[in-house]
Amino acid sequence: MQNNSFLKYMLFVMFVVIFSSCDKDFNEIGSSIIGDDHYGLIKDDTHTLVAYNQNLGSVQSNNLPINSLGYYNNPFFGKTKASVVTQVELIGANPTFGTNPTVTKVELSLPYYSTLTNTDATTGDHTYELDSIYGSSKIKLSVYESKYYLRDLDAATGFEDVQKYYSGDGPNFDANKNPDRLNDDADSPSQNDAFFFSNEELKTYKTVDGTQTVDTRTAPGMRLNLRKSFFQDKIFNGSTAGKLINNNVFKEYFRGLYFKTEANSDSPEQGSLAMLDFKKGKITITYNVSITATDGTITTEEKTLILNLAGNTVNVFENDYSNEYVTNITSGINTAQGDSKLFLKGGAGSMAVISLFGETDIRGFDTDGNPTSGPNGVSDELDDLRNPSNGQKLLVNEANLIFSIDSSAISGASEPNRIYLYDLNNKRPIIDYYTDISLNSIPKFNKAIHGGIIEKATTGNKRGYQYKIRLTNHIRNLINKDSTNIRLGLVVTEAIATVTSAKLKTPTLTGIPVDRTPLSSVINPLGTVLFGNNIPVGDPNYAKRLKLEIYYTKPN
């Protein structure tokens, strides 16, 4: 029985792989090589679309898988300061230190996302390329002790629900911090007032036979010297009061660190922003203790204590958005006819709402396929696809949403690698997401058949010109299985595998009510401007309007 079940499972997996491979080959032949001919397939891009913008406001931003840190000025959207509050945890409960522990050094380390590109055969030095760093100018970075306790559970619900914190909670953390900066090394401004994300390999040295040699090599990351006197008092004096007995007590006592970013005084209009995994960060406290030998001789021994940047985190955003962007996502929204441009902005930004096949509903069809008068709750365009005049339903071979990028609006800005289309009504991916099992060596480019990955010019400025999302199975289900024609949401994404949602602090009331947004959009600091559907004939950008392309064959 088990062998029979396993065989059935393997046959199913083989079918899905073959189906996906065939679908991929068809798309490449149909769309990339032979233009609009498609070997006799009929192309239809005349169906009604309505796409409009939706402002999100403050979004839930606690315990994100990746955090943004830095100051970035997007040429179109405006300025964003991204700061992070994180708890700190002991590696082991109730540590013992020895006699007269004296702190000699405190170093905070946090790795960047990087790729090794070269190793010098002579020196052994490594060259790295940083990933997920936007901008290259210096910023001001301050690390403070946070005095704001990040709860696990929400007191307002009787501690039954997980506590939520939001991207707009920055003022609460500003009002509850120790004002004395911990990264206060005046001799090294690159650690504070002139901080930058360096791609340099990190090295430590040792002396061997009078010659200084490299001791350790580490991939690029943040390295900050923190104030020794603070940790001398907080950790070693605190240990005598029982504050380090376990992490629950410790996190109430030492409530965490606040990484606050601002513009550098020498480059107030520029800056840089990085995507970081704070849970990989740590604080290494080096200290000496006294050792008394049996003969009364006193020596010192060097020890270390490591604190992890673990526990709860909150990403806060301070946005100074451009007037043009604010106008378009607040007063410029046309929910009835759609907008001419769509503004997708990650973080506490904006999204697009898309309706397929229009809202006109003045007639329907009975069970025999005969037209009836009066609305039936289904748009007339979709009704016509479900009930063709010859009585034979269309065979949909492929369906894509084509989003053209307004390159003039975002010229000079970093572009999102991907956008994500999802079922807005039910807050989940559409079926084409689930049926695409294609993989990539870089996981954020998995599900390439479903798409949404930026397509860039191969010559000239090599900037992006469009995104294409395949929704073939979604359209097939609407036509052949009478599936509900749900509204679709569109956002930028940083991680295609992340499909959970984050709550909005204030649900939106414009158009369809929205109370959540994909978490993958919250962790992406970038934005893009796309052409919408509402572009009149004769407009220079009419050909770039949002399109639903359906390729089908008619049964004989």
Does anything in [range] form a side-chain hydrogen bond (donor to acceptor under 3.5 Å, both in side chains)? List the pairs, not counting sequence neighbours.
{"range": "residues 249-259", "value": "Glu89-Lys251, Asp174-Tyr258, Glu252-Arg255"}
{"range": "residues 227-240", "value": "Glu145-Lys234, Asp184-Arg227, Asp233-Asn237"}
{"range": "residues 90-104", "value": "none"}

Quick one, Asn225 with Asn183, criterion side chain to side chain donor-acceptor pair (under 3.5 Å). Give me CA distance, side-chain angles, the key distance, then yes/no. CA-CA 6 Å; Asn225 293 323; Asn183 58 327; over 6 Å; no
Take atom CD1 in Ile245; do more than 12 heavy atoms of anything else shown fall under 6.0 Å from it?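 Incorrect, the count does not exceed 12.
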Is a donor on one side and an acceptor on the other found under 3.5 Å between the side chain of Asp339 and the backbone of Ile333?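 No, because the side chain of Asp339 does not come within donor-acceptor range (under 3.5 Å) of the backbone of Ile333.
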Any donor-acceptor N/O pair, Asp436 side chain to His450 backbone, under 3.5 Å: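 Yes; at least one donor-acceptor contact below 3.5 Å.
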Basic-acidic side-chain contact under 4.0 Å: Lys505, Asp169: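 Yes, charged N to carboxylate O under 4.0 Å.
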When you check the gap from the basic side-chain N to the acidic O, do Asp515 and Lys427 get nearer than 4.0 Å?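 Salt bridge flag = yes for Lys427 with Asp515.
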Using atom types as modelled, flag every donor-acceptor pair under 3.5 Å from a side chain in residues 76-86 to any protein atom, sequence neighbours excluded.
from, atom 1, to, atom 2, distance (Å)
Lys79, NZ, Glu269, OE1, 3.1
Lys79, NZ, Glu269, OE2, 3.2
Thr80, OG1, Asn319, OD1, 2.8
Ser83, OG, Thr261, N, 3.1

Could you report the tightest heavy-atom contact between Leu90 and Asn247, atom names first, then the distance?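 That closest heavy-atom pairing would be N-OD1, 2.8 Å.
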Mind checking salt bridge (Lys or Arg N to Asp or Glu O under 4.0 Å) for Lys243 and listing every partner two or more places apart, or none if nothing turns up?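 Salt bridge (Lys or Arg N to Asp or Glu O under 4.0 Å) list for Lys243, sorted by chain: empty.
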Using salt bridge (Lys or Arg N to Asp or Glu O under 4.0 Å) as the criterion, list what pairs up with Lys177, not counting sequence neighbours.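 For Lys177, no residue satisfies salt bridge (Lys or Arg N to Asp or Glu O under 4.0 Å) once neighbours in sequence are set aside.
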Are the aromatic ring centres of Phe403 and Tyr467 under 6.0 angstrom apart?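 Ring-ring flag for Phe403/Tyr467: false, centres at least 6.0 Å apart.
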